[in-house]
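Throughout, a chain's letter reflects where its sequence line sits, starting with A, and its residues are numbered from 1. Just so you know, these numbers come straight off a predicted model, no measurement behind them. Scope of the values below: all heavy atoms of this structure, side chains included, with no hydrogens, waters or symmetry mates.
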Protein chains: 2
Amino acid sequence: MSTIGKALALLDTLSRLDKEAGLTDIARLCALDKATARRFLVELEKHGFVEQDPDSRRYRIGSAPVRLARIREARFPFLRIAIPFIKALAESSTETVHLSEFSGGRLSTIHVEDSPRAHRIIVDVGSLLPFHATASGLAFLAFCPQTEIEAALAKNLERFTDSTVTDPQLVRAALDETATRGFSISHQGLETGVISTAAPVRTPSGRPIGCVAIAAPLSRTTKTAIQEFGALAVATANAISEKYYGSERPTGTIPDIRRRD
Amino acid sequence: MSTIGKALALLDTLSRLDKEAGLTDIARLCALDKATARRFLVELEKHGFVEQDPDSRRYRIGSAPVRLARIREARFPFLRIAIPFIKALAESSTETVHLSEFSGGRLSTIHVEDSPRAHRIIVDVGSLLPFHATASGLAFLAFCPQTEIEAALAKNLERFTDSTVTDPQLVRAALDETATRGFSISHQGLETGVISTAAPVRTPSGRPIGCVAIAAPLSRTTKTAIQEFGALAVATANAISEKYYGSERPTGTIPDIRRRD
DNA sequence: AGCTATGGTTCAAATAATGAACCTTAGGCG
DNA sequence: CGCCTAAGGTTCATTATTTGAACCATAGCT
């Protein structure tokens, strides 16, 4: 693996910790030598991607990503555009709705609107969504090219619950169903007692970039409700796709004021 | 220079372009070989830090920084806390107010509130603030340890206008003044016709992390107004410091709900 | 059909990354 | 107090990765 990859993996690991970490811990978590981890941290710190607390000497994510994110969101305002739709869907479905985005080979949760009900599903921003075990993962994969499906299924399919589908052949069947139906259903794939449906947000060329998902307690969710949720997820995902790729043009060039390049 | 440093510099360069860039341009701008630039881009893309447009084959900043930024801002809500103060200052001063943050060895603009007046100073989010030639830079340096001041002054001090102070000895004098006065004044240091004042936002230990600056057209700004702006900048910067380090505790641990680590 | 500019790839040579062992400092404790 | 431990941090010979000139592939243009 390249040095850059290892350093970025370190950054990713650091970002998933819920508090600041010391050098030794970071090295252990990333399976790096202490000296190597330190050199990476120093280098990342030089560029503002990590910060070291001067007192505790522990490390945390720096402010450089904030600057990059502002630039990214200014040109590709995915969150800004999607959030109102996600909010509306959370209200109309009265269940927890979350939005995920494909980035760095994985699907991560980037926004969550909680159900207004007392008994509801909790999803954390930043959490990873395994392709084979979540509605979002299935909805995403189902609309990917066959080669990517096979690449995802070639990996070890981890078991999370008794209901997790870990047989690649059965996952393929679920993907086929999803592709024809337009949305996916995950029946306790990641957490017991939770049923989810999801639909992909796609580029004009059809490539998925993320998913809209509704997660509900299995106990109060009927078969017809699932079908309704699926239809709602599809409608919301399509609305986001349209708004995102319609008004603004992410694929083409941004009309630029400045002439001299 | 380390590979990681070069890759992050590439990312920085890419972020400062106002549109997507091709491989050849990126390689040229970063002074890298085309093959090297390509390997970096592929590696960065794997981790979501850049994206390649499938049609145009051009590269842009990816979505990974957005995720990192959300995590950073959730724990260190600098923007969230500072923006209301910046807004208030823009209203009360009726001039453009901007907020900068030190990151990766440089001071970058992270937020701007425009003056409500027709004739006003425009500052771009993301723009860099040279230490010797801007009010923000001076205010930041003035409260840094002597070693960092000398390190900054040892570099070549670029001339931007006829009024830019490029003599290290004169900059030192300006820094001394700033330290005693509490705020800095830049008289056309970066742009002709612009006068600015700035004050640092500091950690409880006194270390600057960024600056609040007011920028006004020289033509309508009296000596007394400058003093008033300076005092306002100091008050605002201190208020931000207090709120940021008071209520939330960035240095210590975040009280965590989750128990299992 | 040929030209040229750009994206992308290869592989021997050059360089940077690696990690075991080491030093240093800060607490903990008999 | 002085010993012990654990953590952060550093060194330098060994090792593996990075590098870039030259190459190929493709698309748009004349």
In whole angstrom, give the distance that lies between atom [atom1] of [X] and atom [atom2] of [N].
{"X": "A:Asp25", "N": "D:dA7", "atom1": "CG", "atom2": "C1'", "answer": "10 Å"}
{"X": "B:Leu32", "N": "D:dA21", "atom1": "CG", "atom2": "C1'", "answer": "15 Å"}
{"X": "A:Tyr59", "N": "D:dG8", "atom1": "OH", "atom2": "P", "answer": "8 Å"}
{"X": "A:Asp55", "N": "C:dT25", "atom1": "CG", "atom2": "P", "answer": "18 Å"}
{"X": "B:Asp33", "N": "C:dA12", "atom1": "CG", "atom2": "P", "answer": "17 Å"}
{"X": "A:Leu41", "N": "D:dA7", "atom1": "CG", "atom2": "C1'", "answer": "14 Å"}
{"X": "A:Ile4", "N": "D:dT19", "atom1": "CD1", "atom2": "C1'", "answer": "12 Å"}
{"X": "A:Glu20", "N": "D:dG8", "atom1": "CD", "atom2": "P", "answer": "13 Å"}

| query | Counting side-chain heavy atoms from CB outward, which of D:dG8, C:dA17, C:dG7 is closest to B:Leu23? | reply |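 Within the option list, the nearest is C:dG7.
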| task | Return the nearest nucleotide to the side chain of A:Thr24; candidates are C:dA17, C:dA20, D:dG8. | result |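 Per side-chain heavy atoms of A:Thr24, the pick is D:dG8.
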Does [X] have a side-chain nitrogen or oxygen under 4.0 Å from the phosphate oxygens OP1 or OP2 of [N]?
{"X": "A:Thr36", "N": "C:dA17", "value": "no"}
{"X": "B:Arg38", "N": "C:dG7", "value": "no"}
{"X": "B:Thr3", "N": "C:dA17", "value": "yes"}
{"X": "A:Lys6", "N": "D:dT17", "value": "no"}

| Earlier contact from the 5' end, DNA chain D, for B:Phe40 and A:Lys34 |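 Nearer the 5' end of the strand: A:Lys34.
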| query | For DNA chain D, whose closest nucleotide is more 5', that of A:Arg57 or that of A:Arg39? | reply |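 Looking at the nearest nucleotide for each, A:Arg57 comes out on the 5' side.
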| With a 3.5 Å cut-off and no angle check, do the side chains of B:Arg67 and A:Ser15 form a donor-acceptor pair? | yes
| message | Could you measure the distance from the CZ atom of B:Phe102 to the CZ atom of B:Phe140? Nearest 0.5 Å is fine. | response | 4.5 Å
| task | May I ask you to decide if A:Arg58's main-chain N or O and A:Ser56's side chain share a donor-acceptor pair within less than 3.5 Å? | result | yes
| Counting N and O atoms only, with roles assigned by atom type, does the side chain of B:Glu101 sit under 3.5 Å from a partner on the main chain of B:Gly210, one being a donor and the other an acceptor? | no
| task | Kindly assign one of parallel, tilted or perpendicular to the pair A:Tyr244 and A:Phe76, based on the angle between their ring planes and the thresholds 30° and 60°. | result | perpendicular
| request: Check every strand shown and say whether B:Gln52 touches a base, only sugar-phosphate, or nothing at a heavy-atom separation below 4.0 Å. | output: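 The residue B:Gln52 makes sugar-phosphate contact but no base contact.
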